[in-house]
Amino acid sequence: MIKITLDGSQVEVEAGSTGFKLFSDKRIVALKVNGELKDLAHEVADSDVVEGVSIDSQDGLNILRHSTAHVLAQAVQNINPEAKLGIGPPIKDGFYYDFDVESPFTPEDLKALEKEMDRIIRSGQRFLRRVTNDQDAAIELSNEPYKLELIGLKSGNADVGEAAAEVGAGELTIYDNFDVQADKVVWKDLCRGPHLPNTRMIGNGFSLTRVAAAYWRGNENNKQLQRIYGTAWPTKDELKAYQLQMEEAAKRDHRRLGAELDLFSFPEEIGSGLAVFHPKGGVIRRVMEDYSRKRHDESGYEFVYSPHVTKANLFETSGHLEWYAEGMFPPLQLDEERDEEGNIKRQAQDYYLKPMNCPFHCLIYKSQARSYRDLPLRLFEFGTVYRYEKSGVLHGITRARGFTQDDAHLYVARESIRSELTNVLNFVLDLLRDYGLTDFYLELSTKEEGNPKFVGSDDIWIEATSTLESVAKESGLELVPDPGGAAFYGPKISVQAKDAIGRTWQMSTIQLDFNLPERFDLEYTAPDGTKQRPVMIHRALFGSIERFFGVLTEHYAGHFPPWLAPIQVVGIPIADEFSEYLHEIASELRKAGVRIQIDDSDERMQKKIRNHTLAKVPYQLIAGAEDKANNAVSFRFRDGSQINGVPKAEAIARILKDIAERVQV
RNA sequence: GCCGACCUGGCGCAAUUGGUAGCGCAUCGCACUUGUAAUGCGAGGGUUAGGGGUUCGAGUCCCCUGGUCGGCUCCA
């Protein structure tokens with residue numbers, strides 16, 4: 001007998017006991033032994049600390065999904081024995097597996113594969129772990145060039161990234177799929193494990209979702225393999241719930257809502273990634289901007305403007321042409337003159353569309369001699385920038401080629417970095433809350449040690465990083481480290497916000513910059529008369545207005561709160577004769593700045609209610625004989641609820657209050 | 001940029017093996033004047049993203065260009 005700790009209590013078990021013996025609960029699919037995941041078939045040893053891993057825990061789900069990926073790979077090779085295996089890890093909500101195949105998979109292939117997977121699952125194959133070594137594995141897997149490469153990498157101690165699922169730390173192992181009825185191993189894969197004990201446990205809660213190409217080992221220069229994505233859940237019901245959730249997310253897609261609610265479009269004539277805002281989208285955007293301006297004004301920012309094009313020289317100074325030329329629109333060549341022989345009389349000038357606003361702000365800083373009394377100097381601009389994003393990355397309004405940043409650059413003395421950062425972070429969080437986002441965490445991106453590309457002295461990096469860190473901690477929010485994620489010119493904090501359905505979006509960034517002040521030779525005169533170099537803080541709250549617009553659209557699913565809604569109130573008369581009564585109320589509301597329309601069309605009242613509900617107008621004011629007689633109106637809300645017979649003055653007061661307080665209704 | 005799929009009136013869709021473009025909503029007109037999610041009737045609107053090719057004949061097949069979508073890579 002040996003003593004182990006089993007789910008927290010001391011027990012004595014027979015030597016050589018496996019998970020099968022320790023747990024009778026069918027939902028336990030693996031073990032955690034001394035913190036390491038093991039198969040149920042693992043034999044525990046004396047003094048081990050053992051926990052059961054349930055299929056519905058995060059570890060359990062990963063095991064389920066990874067095992068499903070194996071079944072997929074087996075199905076692919078059953079149908080096409082020529083397919084070579086890439087990697088097949090679990091991911092959020094599912095898994096994928098990469099294959100090198102002659103021709104890409106089609107949706108019909110997926111159906112056939114699901115069928116074959118189902119057959120494999122029902123056949124109840126056992127996953128059996130087998131320890132091997134580099135030499136034996138290389139012989140066994142001689143037909144699998146990608147697996148061989150991974151074995152090579154592992155023995156070379158290289159970082160294998162997502163391939164850790166196949167060849168993670170520890171001994172090299174192969175999992176055999178053993179078909180009990182056929183009494184033989186029918187498939188095998190290089191894999192770290194652990195796995196479900198039996199394919200049957202996958203059940204019918206899985207689905208193949210899409211095919212895509214993916215570069216081998218995530219490198220653009222490598223061959224593209226064909227990737228199949230799938231999702232897997234412990235039960236069919238959970239799979240269905242997931243699929244429903246995906247549909248809900250699709251309904252909130254800002255590209256779809258942008259068209260449905262007539263907010264913006266991307267006319268093909270203009271070009272990829274370049275949007276026009278329609279009147280309704282324009283209202284939302286203007287209100288967003290106006291409110292942001294007001295808050296910036298109150299917080300000590302000064303408003304500046306800069307042109308959309310500039311001579312190349314400026315971006316040479318800033319270094320952008322050196323580092324990011326590929327991401328910029330190609331230059332406009334101007335002013336070249338030639339004589340009759342075609343000789344250049346006057347050299348052309350290159351002008352670029354600006355991809356960033358900071359160099360302009362630096363020039364504003366430099367426009368006069370600065371004193372410590374001028375600092376912190378906070379320059380704010382809604383600056384429209386143009387970036388030549390690769391065609392494949394464009395995504396509605398959240399990733400476009402032309403967009404407007406709510407950009408500010410703060411020029412601060414080194415000794416006031418802390419207080420300025422504290423201000424900025426509080427300002428950012430406050431403002432985001434006003435727009436209705438409330439659930440945040442922070443990410444701290446720091447320097448990668450030993451990488452020579454980072455500019456600035458070590459001591460300023462250390463000081464700035466620790467300042468950022470302590471400011472972030474003071475906020476009380478969760479702080480996630482992002483080592484090596486800093487830009488070459490300075491560390492940053494980014495604010496991640498969760499939306500209404502739990503997705504996280506990177507929102508604001510607060511970025512320290514030791515580089516541009518140097519390049520632009522920015523100075524100020526300190527109290528002691530010496531010339532000092534300011535530090536620059538780049539910060540954008542929305543990132544870009546368009547992107548934030550898109551995020552809010554998805555967050556609210558198009559149900560913008562009254563203060564942002566393009567049409568805040570619509571009046572619906574029961575019959576034509578009550579139209580005038582509603583117009584009186586409308587003119588009062590309009591005077592108070594409310595965006596109200598009376599629907600005088602000759603549609604049926606029911607139809608109008610339907611139309612304006614679909615248009616997601618926050619308040620419908622309905623009036624008929626009864627209401628008019630009582631000098632009242634009836635409210636109807638987007639969710640179908642209603643309050644009848646509300647006195648006119650009360651109705652007006654309520655609408656104004658909701659708007660002023662920026663509440664959701 | 002790469003791989004794949006896709007592009008039919010403003011929007012959502014249909015059109016058998018290639019055989020001469022249809023429906024709903026929206027729009028416009030007329031009638032109806034209504035108490036909480038679609039009133040009825042009528043009309044107009046498409047050289048099928050653009051260009052080229054194959055064919056007696058192309059929305060359907062092939063090529064090029066543009067755009068969209070899903071991924072990969074990227075996001076100063």
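Any value given below was found using the heavy atoms of this structure, including those in side chains, with hydrogens, waters and symmetry copies removed. Residue numbers start from 1 in every chain, and the chains themselves are labelled A, B, ... in the order their sequence lines are given, proteins ahead of strands.
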For this session: May I ask you to verify if any side-chain N or O of A:R227 is less than 4.0 angstrom from the OP1 or OP2 atom of B:rC3?
Result: no
Problem set entry | Integer-rounded Å distance: B:rU73 P and A:N219 CG | 10 Å
Exercise. Quantified in whole Å, what is the C1' atom distance between nucleotide B:rA49 and nucleotide B:rA31?
Worked result: 40 Å
Exercise. Are the charged groups of A:R539 and A:D407 less than 4.0 angstrom apart, N to O?
Worked result: no
Problem set entry | Spacing of the P atoms in B:rC23 and B:rA14 (rounded, Å) | 15 Å
Exercise. Taking CZ from A:F264 and P from B:rU68, how many angstroms apart are they, rounded to a whole number?
Worked result: 13 Å
Exercise. Under a 4.0 Å N-O cut-off, is there an ion pair linking A:E149 with A:K223?
Worked result: no
Exercise. A:T404 and A:T384: side-chain donor and acceptor closer than 3.5 Å?
Worked result: yes
Problem set entry | Rounded distance in Å between the C1' positions of B:rG53 and B:rG45 | 31 Å
Exercise. Want to settle it: does A:K628 or A:Y229 sit nearer the 5' end of RNA chain B, counting the closest nucleotide to each?
Worked result: A:K628
For this session: Counting heavy atoms from C-beta on, name the nucleotide in B:rC32, B:rG35, B:rC69 closest to the side chain of A:A625.
Result: B:rG35
Problem set entry | Whole angstrom value for the distance that separates P of B:rC75 from CZ of A:F488 | 13 Å
For this session: Under 4.0 Å between any heavy atoms, over every strand shown, what does A:T106 touch: base, sugar-phosphate, or nothing? Just pick one.
Result: nothing
For this session: Give a yes/no answer on whether the side chain of A:R401 brings an N or O atom under 4.0 Å of OP1 or OP2 in B:rG67.
Result: no
Exercise. Quick one: which of B:rA76, B:rA31, B:rU73 gets closest to the side chain of A:Y489?
Worked result: B:rA76
Exercise. Looking for any heavy atom pair under 4.0 Å, which part of the strands does A:N611 touch: base, sugar-phosphate only, or nothing?
Worked result: nothing
Problem set entry | Inter-nucleotide P distance (B:rA5, B:rC74), Å rounded | 25 Å
Problem set entry | Other residues, nucleotides, ligands: >12 heavy atoms within 6.0 Å of A:Q506 CD | yes
Problem set entry | Presence of A:S272 side-chain N/O under 4.0 Å of B:rU68 phosphate oxygens OP1/OP2 | yes
For this session: Select base, sugar-phosphate, or nothing to describe what A:E626 touches, counting heavy atoms under 4.0 Å on all strands.
Result: base
Exercise. With rounding to whole Å, what would you report as the distance between B:rG40 and B:rU47 at their P atoms?
Worked result: 30 Å
For this session: Using only heavy-atom distances, decide whether a donor-acceptor pair under 3.5 angstrom links the side-chain of A:N644 to the base of B:rG35.
Result: no
Exercise. CZ of A:R387 versus C1' of B:rC74: gap in Å, rounded?
Worked result: 13 Å
Exercise. Contact class for A:G271 vs. all strands (heavy atom < 4.0 Å): base, sugar-phosphate, or nothing?
Worked result: nothing
Exercise. Once Watson-Crick and G-U wobble pairs under 3.5 Å are found, how is RNA chain B written in dot-bracket notation, 5' to 3', with | for any base paired to another strand?
Worked result: (((((((..((((.....[..)))).(((((.......))))).....(((((..]....))))))))))))....
Grab the N/O contacts between the protein and nucleotides 44-48 of chain B below 3.5 Å, and write none if there aren't any.
none

Exercise. Is the shortest side-chain N to carboxylate O distance from A:E326 to A:K390 below 4.0 Å?
Worked result: no
Problem set entry | Test salt bridge (Lys or Arg N to Asp or Glu O under 4.0 Å) applied to A:E554 and A:R503, step by step | CA-CA 10 Å; A:E554 303 206 1; A:R503 297 171 299 180; 3.1 Å; yes
Exercise. Is it true that the side chains of A:Q226 and A:D100 contain a donor and an acceptor less than 3.5 Å apart?
Worked result: no
Exercise. Separation of A:R399 atom CZ from B:rC72 atom P, in whole Å?
Worked result: 12 Å
Problem set entry | Integer-rounded Å distance: B:rG70 C1' and A:L394 CG | 14 Å
Exercise. Does a side-chain N or O from A:K608 land closer than 4.0 Å to OP1 or OP2 of B:rG35, or not?
Worked result: no
For this session: Just compare B:rG70, B:rU36, B:rG35 and give me whichever is closest to any side-chain atom of A:I609.
Result: B:rU36
Problem set entry | From B:rC32, B:rA37, B:rG71, nucleotide with atom closest to A:A212 side chain | B:rG71
For this session: Ignoring hydrogens and angles, state whether a donor on the side chain of A:H583 or A:D600 is under 3.5 Å from an acceptor on the partner side chain.
Result: yes
Exercise. Out of B:rU34, B:rA76, B:rG35, which nucleotide sits closest to the side chain of A:S634?
Worked result: B:rG35
For this session: Say whether A:S265 and A:H278, considering side chains only, have a donor N or O and an acceptor N or O under 3.5 Å apart.
Result: yes
For this session: State whether A:K311 and A:D350 are salt-bridged, where the test is any N-O pair (Lys NZ or Arg NE/NH1/NH2 against Asp/Glu carboxylate O) under 4.0 Å.
Result: no
For this session: Considering only atom C1', compute the distance from B:rU27 to B:rG44 and round it to an integer number of Å.
Result: 9 Å
Exercise. With a cut-off of 6.0 Å (strictly less than), are more than 12 heavy atoms of other residues, nucleotides or ligands near NZ of A:K280?
Worked result: no
Exercise. Under 3.5 Å, is there a donor-acceptor pair between the A:T465 and A:K447 side chains?
Worked result: no
Exercise. When you measure from the side chain of A:Q226, which nucleotide among B:rA76, B:rC3, B:rC32 comes out closest?
Worked result: B:rC3
Exercise. Just checking A:R636: base, sugar-phosphate only, or nothing, at a heavy-atom cut-off of under 4.0 Å?
Worked result: base
Exercise. Expressed in angstrom and rounded to an integer, what is the separation of A:W323 atom CH2 from B:rC74 atom P?
Worked result: 17 Å
For this session: Could you work out which one of B:rC3, B:rU39, B:rA76 sits closest to the side chain of A:A213?
Result: B:rC3
Exercise. Considering heavy-atom distances to RNA chain B, does A:I622 or A:M356 have its closest nucleotide positioned more toward the 5' end?
Worked result: A:I622
Seminar exercise, completed: Looking only at B:rA37, B:rG35, B:rG1, the nucleotide nearest the A:L614 side chain is B:rA37
For this session: For nucleotides B:rU16 and B:rC30, find the distance between their C1' atoms and express it as a whole number of Å.
Result: 40 Å
For this session: Can you figure out which of B:rU36, B:rC32, B:rA38 approaches the side chain of A:D602 most closely?
Result: B:rC32
Exercise. Does a nitrogen or oxygen in the side chain of A:T613 sit under 4.0 Å from OP1 or OP2 of B:rA37?
Worked result: no
Exercise. Considering only the C1' atoms, how many Å lie between B:rG52 and B:rG9, rounded to the nearest integer?
Worked result: 25 Å
For this session: Would you state whether a donor and an acceptor, one from the side chain of A:E220 and one from the base of B:rC2, lie under 3.5 Å apart?
Result: no
Exercise. Can you tell me how far P of B:rC6 sits from CD of A:E268, to the nearest Å?
Worked result: 18 Å
Exercise. Looking only at side chains, do A:E546 and A:T398 share a donor and an acceptor under 3.5 Å apart?
Worked result: no
Exercise. Out of B:rA26, B:rG1, B:rA76, which has the shortest distance to the side chain of A:K607?
Worked result: B:rA26
For this session: Give a yes-or-no answer on whether the side chains of A:W505 and A:D499 include a donor-acceptor pair shorter than 3.5 Å.
Result: yes
Problem set entry | Sugar-phosphate only, base, or nothing, as touched by A:Q642 at under 4.0 Å among non-hydrogen atoms | base
Problem set entry | A:Y388 (side chain) and B:rG1 (base): donor-acceptor pair under 3.5 Å | no
